[in-house]
Amino acid sequence: MELDWSVVATALPELLAGARITIVIALIGLFGGSAVGAAAGLCRVYGGVILNAIAFVYIEVIRGTPMLVQVMFIYFALPLLVDIRIDPFIAAVIAVVINSGAYIAEIFRSALLSINRGLSEAGLALGMPGWKVLTNIVGPLALRRVLAPLGNQFIVSIKDTSLFIVIGVAELTRAGQEIMATNFRAVEIWSAVAVIYLIMTGVLSFLLRVAEKRMRVL
């Protein structure tokens, strides 16, 4: 088979457009997922019986089902239940939020539980209210410990956006599929798609390493 890498240069604008959509979905979804995950993690540790149970059910359901099934449910089944039409882009963002949120919740829970209880007790003994102990003592220490696993989850979520090809979102994988369907240059196009994913995840990994060095836990 003769390879023609010139087709990559021709297809590059479309691939980059798909990569931009991938980045937008991942960023919005991960910011939302981080907020949901932090809230669920706090509920698991400090939420009492009811909030703890709600967070536990959410985490177990989401972690126990594939993301592909989740996005298919959001896009195809949910509109039938609530009688609304959900845009593919919105469905993709919601899927990243709820999926990453469940994993991030466990990351936050583990980080909060890893902080020595003596620090919390010392803060309370000094007369600090519980919320101040959390925000001024436990929270900053836990934040340093979540950085590495949180970065891993971000990278996984960026790659998982390729699943949204099933609902027609014009992200990077979908762009590669459409280009390949017109020129039939599978090796060249999918190699280019893989390289773009590697660049995106590589940049994120580099930024995370820099952040880890600045926030290293001694």
Look at the side-chain heavy atoms of Ile, Leu, Val, Met, Phe, Trp and Tyr, link any pair under 4.5 Å apart, and say whether Phe56 and Leu42 land in one connected group. no

Taking the side chain as every heavy atom from C-beta outward, state whether Arg174 and Val169 have any atom pair closer than 4.5 Å. no

Do the side chains of Arg109 and Glu106 get close enough for a salt bridge, i.e. N-O under 4.0 angstrom? yes

For the hydrophobic clusters of this structure (ILVMFWY residues joined by side-chain heavy atoms under 4.5 Å, transitively), does one cluster hold both Val36 and Val156? no

May I ask whether Ile62 and Val57 are part of the same hydrophobic cluster, defined by side-chain heavy atoms of I, L, V, M, F, W, Y residues being less than 4.5 angstrom apart, directly or through others? no

Would you indicate whether Ile50, at its atom CD1, is surrounded by more than 12 heavy atoms from other residues, nucleotides or ligands within a distance under 6.0 Å? no

Work out which heavy atom in Gln70 is nearest to a heavy atom in Asn99; give both atom names and the distance. OE1-ND2, 3.0 Å

Ignoring hydrogens, what is the shortest heavy-atom contact between Glu188 and Val7? Give both atom names and the distance. CB-CG2, 3.7 Å

Counting C-beta onward and ignoring hydrogens, is there a side-chain heavy-atom pair between Phe89 and Ile167 closer than 4.5 Å? no

Is the shortest side-chain heavy-atom distance between Arg185 and Val8 below 4.5 Å? no

Would you find a donor on one side and an acceptor on the other, under 3.5 Å apart, between the side chain of Thr201 and the backbone of Leu198? yes

Suppose the criterion is side-chain hydrogen bond (donor to acceptor under 3.5 Å, both in side chains): which pairs have a residue in residues 48-63, not counting sequence neighbours? Arg44-Asn52

Side-chain contact, heavy-atom cut-off 4.5 Å: Phe108 with Val45? no

Interatomic spacing from CG in Leu30 to CD1 in Ile158 - rounded to 0.5 Å: 6.5 Å

For Val61 versus Thr65, what's the shortest heavy-atom pair and its separation? O-OG1, 2.9 Å

Under a 4.5 Å cut-off applied to non-hydrogen side-chain atoms, are Leu15 and Leu172 in contact? yes

Rounded to the nearest 0.5 Å, what's the gap from CZ on Phe184 to CD1 on Ile189? Could you check? 12.5 Å

Close side-chain approach of Ser157 to Tyr103, heavy-atom, < 4.5 Å: no

If hydrophobic clusters are built by linking Ile, Leu, Val, Met, Phe, Trp and Tyr wherever their side-chain heavy atoms come under 4.5 Å apart, do Leu51 and Ile59 end up in the same one? no

Tell me if the CZ atom of Phe76 is crowded by more than 12 foreign heavy atoms within 6.0 Å. yes

Heavy-atom closest pair, residues Val97 and Ile28: CG2-O, 4.4 Å

Give me the one residue out of Ile23, Val24, Ile25 that meets side-chain contact (heavy atoms from CB on, under 4.5 Å) with Ile21. Ile25

Interatomic distance, Phe154 atom CZ to Ile104 atom CD1 [nearest 0.5 angstrom]: 5.0 Å

According to a 4.5 Å side-chain heavy-atom criterion applied to Ile, Leu, Val, Met, Phe, Trp and Tyr, with indirect links allowed, do Val96 and Val69 form part of one hydrophobic cluster? no

Does some side-chain heavy atom of Ile74 sit less than 4.5 Å from a side-chain heavy atom of Ile98? yes

Reported CD1-to-CG distance for the pair Ile155 and Leu208, which is rounded to 0.5 angstrom: 6.0 Å

Supply the atom-to-atom distance Met67 CE to Leu163 CG, rounded to the nearest 0.5 angstrom. 6.5 Å

Measure the shortest side-chain to side-chain distance between Tyr75 and Val166 over non-hydrogen atoms and say whether it is less than 4.5 angstrom. no

Shortest non-hydrogen contact from Val193 to Gly176? CG2-CA, 4.0 Å

Ser100 and Gly33: which non-hydrogen atoms are nearest, and at how many Å? OG-CA, 3.5 Å

Separation of Lys159 NZ from Tyr197 OH (nearest 0.5 Å): 10.5 Å

